[in-house]
Every structure is written in structure tokens, then in C-alpha cells.
Amino acid sequence: MTFSQDLAGSWRLRGTGVDIAATVPGCVHTDLLADGRIPDPFLDDNEHAVAWVGRQDWTYERDVSWDGPSQERVDLVFEGLDTAARISLGDTVIGETRNMHRTHRFDVTSILAGRSGPPAPTGGRALKVHFTSAYTEAERVRDIVGPRPNAYPEPFPFIRKMACGFGWDWGPTLVTAGIWRPVRLEGWSTARIATVRPLCTYDGDAGTLDLTAGVERTRDSALRAQVLLDGRELAVLDLPASETSVRGEIKVPGVTPWNPIGHGEPALYMLTVMLTAVDGTVLDRWQQLTGFRTVHIDRSADDAGTRFVFHVNGEPVLVKGVNWIPDDIFPSRMTRERYELRLRQAAGAGVNLIRVWGGGIYEDRAFYEVCDELGLMVWQDFLFACACYPEEEPLRSEVLAEARDNVTRLSPHPSLVTWNGNNENLWLRGAHGWAGDPGGDLSWGAGYYLEDLPAIVAELDPTRPYQAGSPWSGSWEHEPNDPAHQTFHSWEVWNRQDYRHYRDSAPRFVAEFGWQAPPAWRTLRDAVSDEPMLPDSPGVLHHQKAEDGNGKLARGLAPHFPAPATTEAWHYLTQLNQVRAVRTGIEHWRSYWPHTGGTIVWQLNDLWPVTSWAAIDGAGRFKPLYFALREMYADRALTIAPRDGGLVVAVLNDHPSAWTGELRLEHRDINGAVLSSTTSPVIAEARSVALVQASATCPVAAGTQPAAPVRAANRDAALVVATLGEARAIWFAEDSGYADAGLTVTAESVPGGLDVRLHAAGPARDVLLQADRIHPDAVVDRGFLTLLPGESTVLHVRAPIELDPGSIKDPWVLTDLSTVLNP
Ligand code: BMA
């Protein structure tokens with residue numbers, strides 16, 4: 001039986017002038033940090049102070065001996081080496097690697113144990129993993145293949161390493177090295193299971209398991225693969241002496257399908273493959289949870305262009321998605337607990353799909369296992385982003401091997417619903433390409449996205465739809481980012497326009513769009529020691545990586561609010577604008593379902609403290625956007641928005657049963673007093689949208705002047721309120737000029753925190769409680785909220801320590817829009 005010996009734990013790390021204890025799995029930066037050799041790179045501009053780390057070579061070292069039972073073969077297995085590594089054992093160089101995204105296996109039998117003899121004498125051999133600086137390696141490759149256009153000034157397209165480690169428009173440049181995933185010795189005899197590729201589908205009645213198992217052998221002898229589901233034998237597949245792989249297509253009647261969130265249970269089954277000799281001796285065992293479902297993306301043509309609608313088990317699924325970036329700039333720090341926390345938070349916001357973006361990594365097994373369990377669909381990019389990628393050697397074979405490796409590794413996960421060729425690289429080369437032309441006959445990645453990767457997916461995983469890129473219109477006939485055809489990235493609005501322009505079009509699927517805001521106050525304060533801390537003080541600017549990011553934030557505020565007078569007001573208003581912008585987009589596009597197949601917000605998370613598009617900041621704190629997503633992505637949501645010159649209520653029903661009731665519409669004046677109200681019956685069928693006219697004209701003042709008093713014409717229709725059951729939507733004709741909120745606030749100590757009772761005498765708009773201003777670990781259960789006159793609510797603040805109820809009165813802990821605008 002295969003025997004595994006973990007080599008995690010303590011190693012030495014050596015570099016010029018450095019010889020310290022190291023932790024494996026890990027990376028150079030975290031070892032140097034643990035030893036006090038570098039300052040915290042997340043603080044102020046320490047990123048620059050530690051830049052030297054990425055320019056150096058590093059060696060990890062420890063002694064190893066084979067401690068397991070005597071075996072015919074002993075392999076050294078690295079699940080991940082980051083990146084350009086030379087591995088030696090004793091005096092022998094056993095291999096060189098240059099791809100962070102692959103696993104590597106080396107036969108070390110003759111060095112460690114002797115092919116058939118007893119284990120090597122104690123004392124072991126020195127195992128050394130020498131890492132060449134990723135810059136040195138990337139620059140070497142760039143010299144071979146020639147430079148290529150790139151949205152960023154760093155050489156990430158020339159090395160198969162997490163691109164965003166080289167810096168992004170939300171991330172620092174922290175180029176690390178190390179043994180970032182587990183490493184072990186694996187001893188085996190006769191044969192071992194090399195790969196298992198289960199493709200599970202569901203036809204509405206029964207499941208099908210199309211299973212391919214690959215073996216590696218030390219000798220030619222007949223073998224058997226026994227396949228079990230939840231412990232029940234499904235099949236026994238024979239492997240004749242000459243074969244190294246076996247395939248079985250097995251019908252599995254009576255299974256419960258795996259369903260995405262909102263569409264039923266995500267049923268999982270334990271799949272086991274036992275490799276045995278013909279005499280029944282067990283040689284190896286493979287085990288993983290899997291699920292049965294069939295995924296299809298409807299990309300058929302219609303009058304408006306080309307659709308992009310996910311179907312799971314035959315049912316159309318409205319995608320309520322978020323984009324995922326690596327949750328830590330040093331991904332070796334990720335734990336199962338942290339994946340679990342973050343993904344549960346995504347699901348908790350009503351998200352049903354998470355897109356693993358191409359500038360990051362193929363995530364850890366734990367990521368996909370949690371998604372499987374939650375019913376959270378995964379859209380996986382192949383790892384190419386925002387640049388031209390050379391297709392020549394020495395990169396090409398790495399790219400192909402990495403794709404095969406990961407398509408196989410991730411195949412058991414029912415949550416994984418689609419493979420995508422790249423992020424924005426086809427768009428980049430479209431007629432309006434924004435990163436220039438590689439020139440001449442130089443390759444730029446098209447062969448990967450349009451030929452190699454689809455061929456690999458078709459061969460290894462034909463059950464999952466493949467798209468060449470995001471965005472992609474389906475062919476060169478239309479611009480890659482044509483909103484009428486398939487996937488669209490909506491960035492013009494954030495970059496150049498007011499967020500109201502999200503309403504100008506109804507793309508077929510919005511795979512990226514977003515709006516920036518600073519992180520939680522505490523997160524920013526902990527990362528920046530500027531005194532005073534200003535929106536444009538050096539530390540704050542260092543933690544804003546987007547080109548003209550602060551300028552865009554300011555221009556985004558200008559049509560709605562007067563220029564903020566303090567950093568606190570800037571922080572409040574930019575967070576509010578982020579919520580309003582994303583809300584405008586999602587609510588508008590969702591009202592076009594199924595014409596618009598879904599939205600994937602840029603972005604769920606951050607990997608350090610930064611002003612970015614994220615809903616959860618780099619310290620793991622919720623920005624108010626998080627709570628707003630929960631409302632926008634609720635199964636049932638009500639919205640009011642301008643449409644066709646009037647105001648329209650959209651009854652958004654992503655629920656398996658119809659939503660029926662009396663829709664109440666009120667027009668209210670500037671003080672919130674009801675001027676008129678009507679009720680009418682409404683039906684939004686299951687998984688559909690009903691539109692109801694709220695007003696024939698739209699009482700919105702286009703181009704509202706900052707701080708302008710509400711104009712007379714609007715005074716009588718200042719608010720439109722729609723209510724259906726528990727759901728409510730409010731339309732405010734203008735951004736400012738409303739009456740005093742007249743808030744009464746009382747905080748009461750309860751076990752675990754404070755209950756904060758709010759009562760509003762006037763219209764209390766965009767009340768925000770910032771729990772992190774009470775205590776760094778305090779959390780609250782709501783973001784921005786609005787109360788109409790006479791309404792009350794209770795906010796729950798929870799913290800690991802007892803909180804003083806008086807702290808609710810501290811500056812900026814609890815505020816609302818009218819207080820911010822009229823301090
Ligand atoms: C798109 C993404 C990311 C980027 C984001 C914000 O380009 O794919 O590369 O971070 O927009 O600019």
C-alpha cells in the first residue's frame with residue numbers, strides 16, 4: 001500500500017546574509033517576517049523596503065530519510081514550488097522546475113532507499129530546493145521569446161507564477177518564492193494511482209460516472225480498479241498488464257443531483273477508487289467527494305445577439321456572482337478555515353457563483369471542496385490576465401502541462417461549472433485593443449485560448465463548457481467585449497462615467513464590473529500611519545493602486561455630493577457611492593433576466609489593505625457593499641429605477657415559486673409624509689421578473705447639483721416607496737437636501753455585544769454603523785440602511801470583549817447621510 005511521509009514543518013532558509021528557520025509549506029516573505037528580518041509589507045510603503053526579497057535567490061534545506069516501510073519506489077512529491085527551482089538530494093540534482101501551478105514528482109528511490117534494498121541508513125540526505133529569483137527567470141525567458149505588450153510593467157507573462165504577485169491595480173508588488181504547497185515522500189510497490197478523473201453528469205433521472213484512472217507501475221502485472229460510491233461497489237475495472245489507464249462509463253441510478261444554491265441541495269457522494277492486484281492486495285486508494293450534475297451554457301443566437309445563460313440540470317440559473325482574487329498575497333498562508341470563512345461569507349451574501357480570476361492561482365482543494373458543499377458554482381479561469389502571453393518554448397509546454405494537471409485535479413468537483421481561457425486578453429487584442437500590438441508574427445496567446453485549451457478541455461473534461469475568454473463575444477465576427485454577444489466587462493462607467501450609465505444598456509452577461517471604495521476605517525488606519533490621514537496623504541495613496549483611482553472616486557462623487565470636507569466624510573461617501581453604483585448595475589441588469597444571464601461583481605475580496613472594488617477588505621472586514629450585495633442578490637428583491645422615461649418597479653423573483661401579493665406604491669414629500677398611495681395585485685412568476693410602472697415620468701433631476709436644495713418641482717415627489725410583503729424599495733429623486741433624520745439611538749449591553757435601537761422621526765437616509773470604530777474585532781449585521789419617519793430597527797453589534805454602550809456616541813460610529821452632509 002502506498003505510504004506517505006509528510007515533509008512539512010521546519011526547514012532552513014538561506015539567502016545572502018540570511019540563514020534562518022523556515023516553515024514549509026510557506027514562502028520566503030513569511031519566513032523573513034517570522035524571523036523579524038523584514039517589516040510588515042502591508043504597512044505604509046514597506047512594500048518598497050522589502051522589494052529586494054524578490055530579486056534574490058533563496059534555498060530551502062532539510063535532511064530527509066525514508067522512514068516508511070520498504071518499498072520498490074520512493075518518490076519526492078511537491079504539490080507546488082514557487083517557481084524557478086533546482087532540487088537536489090545529497091549530491092544529486094534531481095530536477096528543475098519553472099511552474100508554480102503544477103505538481104512535480106521525482107523518483108528518489110536510488111538515492112534514498114536503494115531500489116529493492118532496505119531504507120538508507122539513518123542520518124538522511126540533504127534535500128535542497130534552490131529558487132532563482134522569479135525576475136531573473138522571467139527576464140531570461142523574455143530575452144528568448146521577445147517582449148510583449150502588457151497592461152502592467154512587470155514580467156509576469158514570462159513565468160508561470162501568480163501574476164498578481166507582481167502587483168495589480170489593487171495589489172502590492174511582492175514577488176515571493178518558496179515551497180508553497182505540501183511536500184512529501186511517497187513509497188509504493190507494483191503500482192500506484194497516478195490520476196483519477198471522474199466526470200459526473202445527471203440526466204434528470206440517473207447519474208453517469210465517466211471515470212478514467214491512470215496508474216504508474218514498477219512492473220507489468222494485471223491490476224484492478226474497484227470503484228465505490230458511498231462505500232457501495234459500482235464497478236470493477238480491469239487493467240491488463242500492459243495498460244496504464246482504464247476508463248469506465250458507469251450508470252448510477254437513483255442518485256440525488258448536485259444543485260447550485262437556490263436550486264436544491266448540493267448532494268455529494270464519496271467516490272473511492274481502490275487499486276488492487278488480482279489477488280486482492282490493496283496497492284493504493286483514492287478518495288474524494290463528488291456530485292452529479294449537468295452544466296450547459298446557452299450561447300445560442302437570438303434577435304438581440306448571443307445569449308449567455310447557465311443551465312444546471314436543465315434549469316436556467318440566474319448568476320449572482322462575485323470575482324475572486326487570491327485571498328492572501330502569500331497564498332501559502334491560506335488555511336481551510338480561511339477558505340471556509342470567506343466562501344461562506346460569499347454564500348451568505350446570496351452569491352451563487354464565484355469566478356476564480358486568471359491573474360491568481362488554481363486554488364487549493366479546500367476552496368473547491370467548500371464550494372461543492374455550499375452549492376457555490378465556480379467559474380475557473382485558466383491563468384492568463386491582462387497581457388500578451390508568448391506561446392513559444394520554454395513556456396508552451398509548461399502551459400499545456402499545467403492545464404492538463406489542473407483540469408484533471410479539479411475534475412471531481414461538481415461546483416466547477418465552466419473553464420475560461422483568460423481574463424481580458426482577447427479584448428486586449430480586439431480592434432480597440434488597449435495594450436498595443438505584439439508586432440510582426442509574435443504570438444500573444446490566441447493559440448492557447450482558441451486552440452490548445454479548448455482541445456484539452458474537450459479531451460479531459462468534455463462535460464464542462466469552455467469559453468475562450470472573459471469577455472468574449474464567441475468569435476471575431478464581433479468585438480470581444482460586445483455587450484450584445486455573450487460575456488461583457490463593464491469598465492467604461494467606473495473609469496469615465498457616472499454610475500447612472502449602467503442603465504444605458506443590457507448586456508447579455510456582465511462578467512466584471514465594479515466600483516471602488518476604501519476599506520473599513522480600522523483597516524485603513526492600521527495600514528497607514530499618516531498624521532493626519534487624508535485621502536491623498538502618502539500612505540493612503542500607497543494603498544490605492546488603480547491608475548487615477550482617487551480621481552475616479554472623486555469624479556464619481558461629484559454628481560451626487562459636495563466635495564467631502566474631512567477624511568471621515570470622504571470615507572463614508574465613497575463607501576456609499578460604491579454601494580449605490582453596484583446596486584444601480586445589479587438591479588438594472590437583474591431586471592433584464594433572462595436577456596441578461598447574470599452579473600459577477602468585481603470583486604469579493606482583497607489580499608492586503610487597500611482601496612479597491614472589494615466587498616470584503618484586506619483585513620477580512622465587511623465593507624458596506626457586502627451587506628448591499630445580500631439585498632441585491634436576495635431570491636426576492638424589489639427595486640425602483642428609471643426606465644423608458646418613467647419610473648418602474650421591478651419585482652425580481654429568483655425563487656422556485658411565484659411571488660404574488662399587493663404592491664403598494666406611495667409618493668411622499670421631502671419630509672417623508674405620504675402624499676398618495678395605490679395598491680395593485682402583482683405576480684412575478686417563478687424565476688422571473690415583473691415590471692410595474694411607478695410613475696409615468698421620472699422625478700429625477702439629471703445632473704443634480706451638489707448640495708442643491710431640492711427643487712420645487714420635485715418637492716412633492718421626493719420619494720417613491722414600493723412595498724411588497726417584506727420587501728421594500730425607495731426611490732429618492734435627488735441625492736441631497738432631505739430633512740433631518742431625527743434619529744434616536746439607544747445601545748444596550750447584551751451577551752456578546754450591543755443591541756443598538758434606532759428610531760427615526762424624519763427620513764433617515766443611509767444610516768451606517770461602523771463597528772470597527774468601536775473595537776477592531778466588533779462586527780455589525782447591517783450596512784447602509786434607510787428608515788422612513790416613525791420606523792425603528794435594531795442593529796446587532798458583536799465583539800469578543802464587552803463593549804461600552806456609550807461608545808455608540810463616539811464620533812463616526814453611527815451616522816447618516818444628512819448628518820454627513822450638514823455637519
Ligand atoms: C479588470 C480585472 C482586473 C482588474 C479590474 C479592475 O481588468 O480583470 O484585472 O483588477 O478590472 O481594474
Side-chain angles (χ1 to χ4, degrees), residues 149-154 156-157 162-173 321-327 329 353-361 379-389 420-430 432-436 445 449 467-472 479-481 483 487-497 499 502 507 509-519 543-553 555-556 574 578 581-582 585 599-608 610-618 623 625:
N150 181 348
Y152 293 91
E154 297 270 321
F156 63 82
M162 181 174 94
C164 66
F166 288 87
W168 218 259
D169 58 2
W170 33 258
T173 303
V322 284
N323 282 282
W324 167 273
I325 63 167
D327 204 55
I329 186 76
L353 179 143
I354 193 151
R355 170 176 173 233
V356 181
W357 165 78
I361 54 175
W379 156 325
Q380 178 71 51
D381 281 9
F382 285 101
L383 303 185
F384 305 92
C386 300
C388 292
Y389 280 78
N420 173 52
N422 70 82
N423 176 72
E424 297 188 343
N425 296 352
L426 292 161
W427 182 18
L428 169 152
R429 275 285 286 149
H432 304 292
W434 40 263
Y449 319 133
Q467 317 138 51
S470 187
W472 180 233
E479 268 295 283
N481 204 33
T487 53
F488 179 70
H489 287 196
S490 176
W491 284 116
E492 268 306 288
V493 177
W494 154 253
N495 283 321
R496 271 170 279 279
Q497 300 172 328
Y499 59 73
Y502 284 133
F509 189 98
V510 185
E512 276 187 19
F513 84 107
W515 205 270
Q516 274 203 349
H543 291 254
Q544 160 64 280
K545 296 293 192 183
E547 197 188 333
D548 191 26
N550 271 20
K552 290 173 189 173
L553 284 175
R555 287 193 293 282
T574 48
Q578 179 186 38
V582 174
T599 46
I600 310 183
V601 176
W602 187 267
Q603 71 218 63
L604 175 71
N605 56 335
D606 266 331
L607 44 60
W608 82 314
V610 67
T611 294
S612 84
W613 300 261
I616 303 175
D617 77 19
K623 286 154 84 167
L625 176 61

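Counting starts at 1 for both ligands and their atoms, in listed order.
- Interface atoms of ligand 1 facing Cys386, defined by a heavy-atom separation under 4.0 Å, are 9 (O).
- The atoms of ligand 1 that sit less than 4.0 Å from any heavy atom of Trp357 are 2 (C), 3 (C), 8 (O), 9 (O).
- Aromatic ring pairs are classed by plane angle as parallel below 30°, tilted from 30° to 60° and perpendicular above 60°; the pair Phe156 and Tyr389 is tilted.
- By the ring pair (Phe, Tyr, Trp, His ring centres under 6.0 Å) test, Trp357 pairs with Trp168, Trp170, Trp602, sequence neighbours left out.
- A donor-acceptor pair under 3.5 Å links the side-chain atoms of Asn425 to the main chain of Ala387, judged by distance alone.
- Asn481 meets the side chain to side chain donor-acceptor pair (under 3.5 Å) test with no other residue; sequence neighbours excluded.
- Proximity annotation for atom 7 (O) of ligand 1: of Glu424, Gln603, Arg355, Glu512, Glu424 comes nearest, heavy atoms only.
- Residue contacts with ligand 1: Tyr152 is placed with no nitrogen or oxygen under 3.5 Å of a nitrogen or oxygen of the ligand (distance criterion only).
- Pro518 places none of its side-chain heavy atoms less than 4.5 Å from the side chain of Asp617.
- Heavy-atom separations between Trp613 and ligand 1 include at least one value shorter than 4.0 Å.
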